[in-house]
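Here is the structure we will look at, set down as C-alpha cells.
Sequence lines set the chain letters: A, B, ... in the order given, protein chains first and strands last, and positions in each chain run from 1.
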Number of protein chains: 2
Amino acid sequence: MVAVTIDPEGPVPVYRQIAALLRDAIRRGDYPPGRAIPSAKRLAQQYDVAEVTARKAVLALVDEGLLEGVTGRGMFVKQPQGDG
Amino acid sequence: MVAVTIDPEGPVPVYRQIAALLRDAIRRGDYPPGRAIPSAKRLAQQYDVAEVTARKAVLALVDEGLLEGVTGRGMFVKQPQGDG
DNA sequence: TCACATTTGTACGTATGTATC
DNA sequence: AGATACATACGTACAAATGTG
C-alpha cells in the first residue's frame, strides 16, 4: 500500500501534488460538504512535508472554492457551487 | 509626503494593504497592461516589510487575474478580461 | 474564569532551483 | 559568470478563535 504518491523530485511541485490528491478525495466524496479535511499538521506528517507546504496545498483549494478555513476549527468542504 | 500608508498594527493584514495599493495603482493606470510592477524585493524595501510578505501581496493579485508572473523577468500587468 | 492544546492566519528568515538579462 | 527575479520548500514565531477540562 504505497498509494500516497508524493514525488518530491518530479516536475510537479509538491504542494500541487498534495492539492491534487485532496481535490480528488473531495470530489470522490471522502470528505463530504460540511466536513473538515485533516489539519495542515496532519497532512504534513502524512506526506512528510513541511507544515507550510501542506498549508500551501490546502490554500490552493480554498482559492478554488472547494474549501473554507475557520480559525481554530479547520478547513471545511464547501457545498458545490453551480455544478448541478 | 507620507502617502505610503501601511499600518502594521491595523486590523487589515499588511499583505492585503499592499495588495490594495497595487490594485489601485494598476486600475489607475500607473502600471499599464504589459508593464511590470516593481519586484518583490523593491516592494519589500518600499513598504518596509519582508520579501515574502510583499510577494504574498503580489500573488493575491496574480490570483485575481490582474498580474502574471514570468520567472526571471517580473510580474506583468495583464490585459483586462471581460471588462468592456 | 482560567489553563491548555489544537488549528487557522499572518509575518519574518533562509536556501535552492530556474529563467532572464 | 554574475546580477536580478520569480517559484518552490523548509523553519520559526506570534495572534486569534475554538474546544476541552
Contacts under 3.5 Å, N or O only, protein and nucleotides 2-4 of chain C:
none

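- Under 4.0 angstrom from either OP1 or OP2 of dG9(C) there lies at least one side-chain N or O belonging to Arg55(A).
- Without hydrogens or angle criteria, Gln17(A) side chain to Asp7(A) main chain gives a donor-acceptor distance under 3.5 Å.
- When all heavy atoms of Pro32(A) and Gly29(A) are compared, the closest pair comes out as CD-O, 3.7 Å.
- Straight-line distance from the CG atom of Leu43(A) to the P atom of dA9(D): 15 Å, rounded to whole Å.
- Shown here for Pro33(B) and Pro80(B), the closest heavy-atom pair between the two residues is CG-CD, 4.1 Å.
- Summary for the helix from dC2(C)-dG21(D) to dC21(C)-dG2(D): the axes at its two ends, each from 5 pairs, differ by 10° when rounded to the nearest 10 degrees.
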> For nucleotides 12-20 of chain C, read 5' to 3', which letter fits each nucleotide if B means a protein heavy atom sits under 4.0 Å from the base, S means only the sugar-phosphate is that close, and - means neither?
Replying inline: BSB---BBB
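- Listed here is the closest heavy atom pair of Leu43(A) and Pro38(A): CD1-O, 3.7 Å.
- In this structure, of dT10(C), dG9(C), dT8(D), it is dT8(D) that holds the atom nearest to the side chain of Arg16(A).
- Spacing between atom CG of Leu59(B) and atom P of dA11(C) amounts to 14 Å, rounded to whole angstrom units.
- The nearest pair of heavy atoms linking Lys78(A) to Gly65(A) is CD-O, 3.5 Å.
- Nearest heavy-atom pair across Gly34(A) and Phe76(A) is O-CD2, 3.4 Å.
- For the atom pair CD1 (Ile18(B)) and OH (Tyr47(B)), the distance works out to 6.5 Å, reported to the nearest 0.5 Å.
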